[in-house]
Protein chains: 2
Amino acid sequence: MQTKEQLLESKDIRVTAMRLLIYKFLAQKQVAVTLSDIENAFEKADRTTLYRTVKTFEEKAIVHQIDDGTGITKYALCEKGCNCEIETDLHLHFHCNNCNETVCLTEHKIPQIKVPNGFISEDINLVVKGICDKCSGQ
Amino acid sequence: MQTKEQLLESKDIRVTAMRLLIYKFLAQKQVAVTLSDIENAFEKADRTTLYRTVKTFEEKAIVHQIDDGTGITKYALCEKGCNCEIETDLHLHFHCNNCNETVCLTEHKIPQIKVPNGFISEDINLVVKGICDKCSGQ
DNA sequence: CAATAAATGCACTTCCATTGCACCTATTTT
DNA sequence: AAAATAGGTGCAATGGAAGTGCATTTATTG
């Protein structure tokens with residue numbers, strides 16, 4: 001297994017202390033996080049740095065952006081089963097209306113969606129909202 | 001066929017000149033519009049009025065809100081085949097990456113989505129992004 | 001007509017996203 | 001190793017959209 005440093009380098013991302021910390025933070029999180037979440041976790045760092053770091057991660061495809069309908073952009077590490085570069089490999093996200101957390105359901109692929117003639121589908125965003133497993137108590 | 005006045009009244013919405021204009025504006029649009037779009041169409045009116053009018057329409061279920069991933073909330077009239085009160089009757093939206101317009105595909109229903117055990121699905125937001133019929137030239 | 005309720009307009013606030021610029025740090029070149 | 005260069009970080013400021021409080025106008029009801 002490669003170290004986190006090697007992983008970043010393999011994606012053409014220069015390794016800095018800050019980036020490693022942010023990467024580790026994202027890695028330990030099981031849910032998608034907002035910029036504010038990251039900001040609260042690293043109060044010493046500047047908001048801009050965090051913002052640009054996440055943008056860099058996104059460009060290098062180790063993080064994907066999630067629009068769960070809360071109006072606030074969330075981010076999550078791309079994991080096994082989440083090949084964000086490959087368009088046909090889209091997974092769906094679940095947003096809990098109770099705890100307000102959003103999780104990636106990487107094992108749940110988005111079904112084939114038919115669009116009318118003349119429309120060309122390039123990307124699909126599917127967010128299911130409801131109550132998550134922790135909140136439903138099941 | 002009932003007049004627009006009657007339609008609003010039937011939904012418990014007081015008819016005012018402004019509301020009629022906004023309703024007609026939405027009705028003639030074939031795409032979902034942002035608040036700014038409405039604002040530009042009615043420069044004489046105040047943003048707040050437009051904002052609250054749309055909110056009222058939304059509450060009374062003659063308009064539905066669309067989150068197409070652009071970060072800006074869009075609105076569209078509920079039409080035949082769009083029963084927004086009924087959760088199981090969700091249609092999908094198509095967002096064109098070229099012209100930036102979003103249309104309701106009311107005839108295309110969202111397929112059944114399976115979620116893991118413990119998760120309770122209450123609502124589904126499905127946005128397909130790509131090139132629309134006008135832009136694809138087909 | 002008076003009383004009441006709702007609609008509208010103005011001003012202001014908040015929050016998130018984004019950018020410009022200066023400074024610092026690391027890497028590369030000579 | 002020093003200089004040059006590129007990239008990273010921090011501060012300040014901006015912009016856009018969403019939302020709220022309050023005063024005023026307009027419509028409805030008794």
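Per chain, numbering begins at 1; letters A, B, ... match sequence-line order. Given the structure is predicted, the values throughout are model-derived calculations rather than measurements.
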K.L.:
Excluding sequence neighbours, so at least two apart, what forms ring-ring contact (aromatic ring centres under 6.0 Å, His included) with A:H93?
P.N.:
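With neighbours one apart ignored, the set is A:H64, A:H91.
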K.L.:
Please, which pairs that meet salt bridge (charged side-chain N to carboxylate O under 4.0 Å, His left out) have at least one residue in residues 91-103 of chain A, sequence neighbours excluded?
P.N.:
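Qualifying pairs: A:E101-A:K134.
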K.L.:
I need the minimum non-hydrogen distance between B:A32 and B:I66, along with the two atoms involved.
P.N.:
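Closest pair (atom of B:A32, atom of B:I66, distance): CB-CD1, 3.5 Å.
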K.L.:
For chain B and DNA chain C, what are the first and last nucleotides along the strand, 5' to 3', with at least one atom under 4.0 angstrom from a heavy atom of the protein chain?
P.N.:
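Contacts span C:dA6 to C:dA11, reading 5' to 3'.
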K.L.:
Of all of residues 28-49 of chain B, which get a heavy atom below 4.0 angstrom from DNA chain D, listed by number?
P.N.:
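When residues 28-49 of chain B is checked for heavy atoms under 4.0 Å from DNA chain D, the hits, listed by number, are B:L35, B:S36, B:R47, B:T48.
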K.L.:
For residues 61-74 of chain B, which residue pairs qualify under salt bridge (charged side-chain N to carboxylate O under 4.0 Å, His left out), counting only residues two or more places apart or in two chains?
P.N.:
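Non-adjacent pairs meeting salt bridge (charged side-chain N to carboxylate O under 4.0 Å, His left out): B:D68-B:K74.
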K.L.:
On DNA chain D, nearest-nucleotide positions of A:R19 versus B:G71: which is more 5'?
P.N.:
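So the residue in question is A:R19.
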K.L.:
For A:Y51, enumerate each residue passing the ring-ring contact (aromatic ring centres under 6.0 Å, His included) test, keeping only those at least two apart in sequence or located in another chain.
P.N.:
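Checked A:Y51 against ring-ring contact (aromatic ring centres under 6.0 Å, His included); zero matches.
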K.L.:
Contact class for B:R52 (heavy atom, under 4.0 Å): base, sugar-phosphate, or nothing?
P.N.:
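Counting heavy atoms under 4.0 Å across all strands, the contact made by B:R52 includes a base.
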K.L.:
5' to 3' on DNA chain D, which nucleotides open and close the contacts with chain A (atom under 4.0 Å from a heavy atom)?
P.N.:
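The protein-touched segment is D:dG7 to D:dA12.
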K.L.:
Please report, to 0.1 Å, the donor-acceptor pairs under 3.5 Å made by any side chain of residues 38-50 of chain B, with sequence neighbours excluded.
P.N.:
from  : atom 1 : to    : atom 2 : distance (Å)
B:N40 : ND2    : B:S36 : O      : 3.2
B:D46 : OD2    : B:T48 : N      : 2.8
B:D46 : OD2    : B:T48 : OG1    : 2.8

K.L.:
Side chain to side chain contact (heavy atoms under 4.5 Å, CB included) with A:L92: which residues, sequence neighbours excluded?
P.N.:
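Only A:L105, A:H108, A:I110, A:L126, A:V128, B:I113 meet the side chain to side chain contact (heavy atoms under 4.5 Å, CB included) criterion with A:L92.
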K.L.:
If you assign B:M18 and A:K55 each to the DNA chain C nucleotide with the nearest heavy atom, which residue ends up on the more 5' nucleotide?
P.N.:
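Closer to the 5' end of DNA chain C: B:M18.
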K.L.:
Quick one: salt bridge (charged side-chain N to carboxylate O under 4.0 Å, His left out) partners of A:E59, sequence neighbours excluded?
P.N.:
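With sequence neighbours excluded, A:E59 shows a salt bridge (charged side-chain N to carboxylate O under 4.0 Å, His left out) to no residue whatsoever.
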K.L.:
Taking five pairs at each end of the helix from C:dC1-D:dG30 to C:dT30-D:dA1, what angle separates the two helix axes (nearest 10°)?
P.N.:
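The helix from C:dC1-D:dG30 to C:dT30-D:dA1 shows an end-to-end axis angle of 20°.
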K.L.:
When you compare the side chain of B:V103 with that of B:V31, does any pair of heavy atoms fall below 4.5 Å?
P.N.:
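Result yes, sub-4.5 Å side-chain heavy-atom pair found.
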K.L.:
B:P116 and A:E107: which non-hydrogen atoms are nearest, and at how many Å?
P.N.:
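Heavy atoms only, the tightest pair is CG-OE2, 4.1 Å.
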K.L.:
Test side chain to side chain contact (heavy atoms under 4.5 Å, CB included) on A:N100 and A:H95 and set out the steps.
P.N.:
CA-CA 7 Å; A:N100 207 33; A:H95 175 74; 3.0 Å; yes
K.L.:
Pairs in or reaching into residues 16-35 of chain B: which pass side-chain hydrogen bond (donor to acceptor under 3.5 Å, both in side chains), with residues at least two apart or in two chains?
P.N.:
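Qualifying pairs: B:T34-B:D37.
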K.L.:
Any side-chain heavy atom of B:M18 sitting closer than 4.5 Å to one from B:L20?
P.N.:
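They are not in side-chain contact.
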